[in-house]
Amino acid sequence: MNDFVFQSPTRFVFGRGYADRIGGEVAALGAKRVLLVYGGGSVVRTGLLARVTASLEAAGVEHVELPGVRPNPEVGLVRTGIELAREKSVDLVLAVGGGSVIDCSKAIAFGVPYQGDVWDFFSHKAQIGACLPVACVLTIPAAGSEASASCVISNDALSLKKGVNGDVFRPRVAVLDPEVTFTLPQYQTAAGAVDIICHICERFFSGAGAVPVTDNIACGIIRAVIDAATTVTATPDDYDARATIMWSGTLAHNDLCGCGRASAPTKRAGGWESHGLEHEISAHRPEVTHGAGLAVILPAWMRYVWRADRERFLAFAKGVFDVEPVDQTDEATQDAITYAIDELQRFFVSLGMPRTLADLDLAPAEVDGWLQTLRQNKGERFGELMPLTMEDARAIYLSAF
């Protein structure tokens, strides 16, 4: 087990009807006026936005609204939010939505005190220092942004999608009310389940070897997500299943599943190869849902690299699907690992996720463009389990069609 520091300063307020508590929670943080950030349609249509604003008013907290966050949030709206937050002198940024809304809110929060352009942080021209506090009401379990130290923003003008990390912008409080997810479309629920599992796999498949406590937590959460996501596909208003998915999403990305796995140079568990590959797709094609892209890329990456660490993949097969080789031969090992990868992809497809990149209306001719920005983001080689060259990346992309 590698050395680690685990920090989870977020206060989690989890339960039925708890979305109505957000006003009291932000007031307890000392907030007097908040920037309320959200996407649009669903939070208005379901009445959640009205519940949140009523809760704020009841707690004596003023609010200024910034709607319009899209999936794969774009830096233009972040800049607009920064100017609005400064103009209105807000003292907290409140996100009501999923990972895109929360990431947009984080970027606004650390952009407000900075005198330069917020993209400087994502292009590594500046280091994040001061930050307004962030709070959130989660509506889509997926990204885990409600408790994570990560923030990912797109820049359409540059066809780039880049992330930054920092404990300073972890949300101070996250309200998680599983009932608000009852009306989520199946596609969003499925994409969220994929993203949750991928967050765990990115950490699980690192070069740290076995870390029994963390490995059992990781595999247990994946099994719980598989069971719960299967349940809500048939019964969307199953509270316990929705609650399982919501809490799993938080635990998958608050670094718990990486404890003891992080390498010394990066202090981050895993090489995040699948996320790196997928981010280029949704940077060039923002209409591609991140989780849907991962549903194709994660199995493709697994099939390409598993020989680099057979023991890790055997541990995954056993821990998640209770599959072991029938004997010690190379053929039996390959069969067990291949079965586990195929079974994971079968689960994704059973939820309505794509099997191939062609199912997302993507074409092999687009690969060169993805590789160009992948090289800008990652350099000539990236990854940890098996460092990937640009030609490796090309092979993985093409194998996914």
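Everything numeric here is computed off the predicted structure, so don't read it as measured data.
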Please identify each residue that fulfils side chain to side chain donor-acceptor pair (under 3.5 Å) with [X], with sequence neighbours left out.
X    : answer
N165 : none
R375 : E380
K162 : N377
H253 : S150, R203

Got a sec, which pairs hit salt bridge (charged side-chain N to carboxylate O under 4.0 Å, His left out) with one end in [range], sequence neighbours left out?
range            : result
residues 21-30   : R11-E25
residues 292-306 : R303-D342
residues 136-147 : none
residues 183-192 : none

Report task. Indicate yes or no: does R394 engage D368 in a salt bridge with an N to O separation below 4.0 Å. Result ->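 So R394 pairs with D368 through a salt bridge.
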
Query raised in the report: Does a side-chain N-to-carboxylate-O contact under 4.0 Å join K125 and D117?
Result: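 Not counted as a salt bridge, because no side-chain N and carboxylate O are separated by less than 4.0 Å.
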
Listing, residues 38-50 side-chain donor-acceptor contacts under 3.5 Å, not counting sequence neighbours, or none:
unit_1	atom_1	unit_2	atom_2	d
Y38	OH	E65	OE1	2.6
T46	OG1	S42	O	2.8

Report task. Answer yes if the side chains of D392 and T389 hold a donor-acceptor pair under 3.5 Å, and no otherwise. Result ->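 Short answer, yes.
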
Query raised in the report: Got a second to check how far N254's CG is from S148's OG, nearest 0.5 Å?
Result: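 If we round to the nearest 0.5 Å, N254:CG and S148:OG are 9.0 Å apart.
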
Are side-chain heavy atoms of [X] and [Y] found at a separation under 4.5 Å?
X    : Y    : value
I337 : D335 : no
Y18  : L176 : no
Q345 : M353 : no
F313 : V305 : yes

Query raised in the report: Do other residues, nucleotides or ligands put more than 12 heavy atoms under 6.0 Å from the CD atom of E287?
Result: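 For E287, atom CD is crowded (more than 12 foreign heavy atoms under 6.0 Å).
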
Query raised in the report: Which pairs with one or both residues in residues 209-220 pass side-chain hydrogen bond (donor to acceptor under 3.5 Å, both in side chains), sequence neighbours excluded?
Result: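 The answer is D215-R261, D215-R312.
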
Report task. Under the side-chain contact (heavy atoms from CB on, under 4.5 Å) rule, collect the residues that match up with D227, sequence neighbours excluded. Result ->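 side-chain contact (heavy atoms from CB on, under 4.5 Å) check on D227 returns nothing, list empty.
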
Query - Cation-aromatic face contact R223/F347, 6.0 Å, 45 degrees - result: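 No, R223 does not sit over the ring of F347.
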
Which donor-acceptor pairs under 3.5 Å do the side chains of residues 130-141 make with protein atoms, sequence neighbours left out?
unit_1	atom_1	unit_2	atom_2	d
T139	OG1	G97	O	3.4
T139	OG1	G98	N	3.3

**Report entry** E62 vs K88, salt bridge (charged side-chain N to carboxylate O under 4.0 Å, His left out): CA-CA, chis, key distance, verdict
**Finding:** CA-CA 10 Å; E62 298 179 17; K88 300 299 183 180; over 6 Å; no

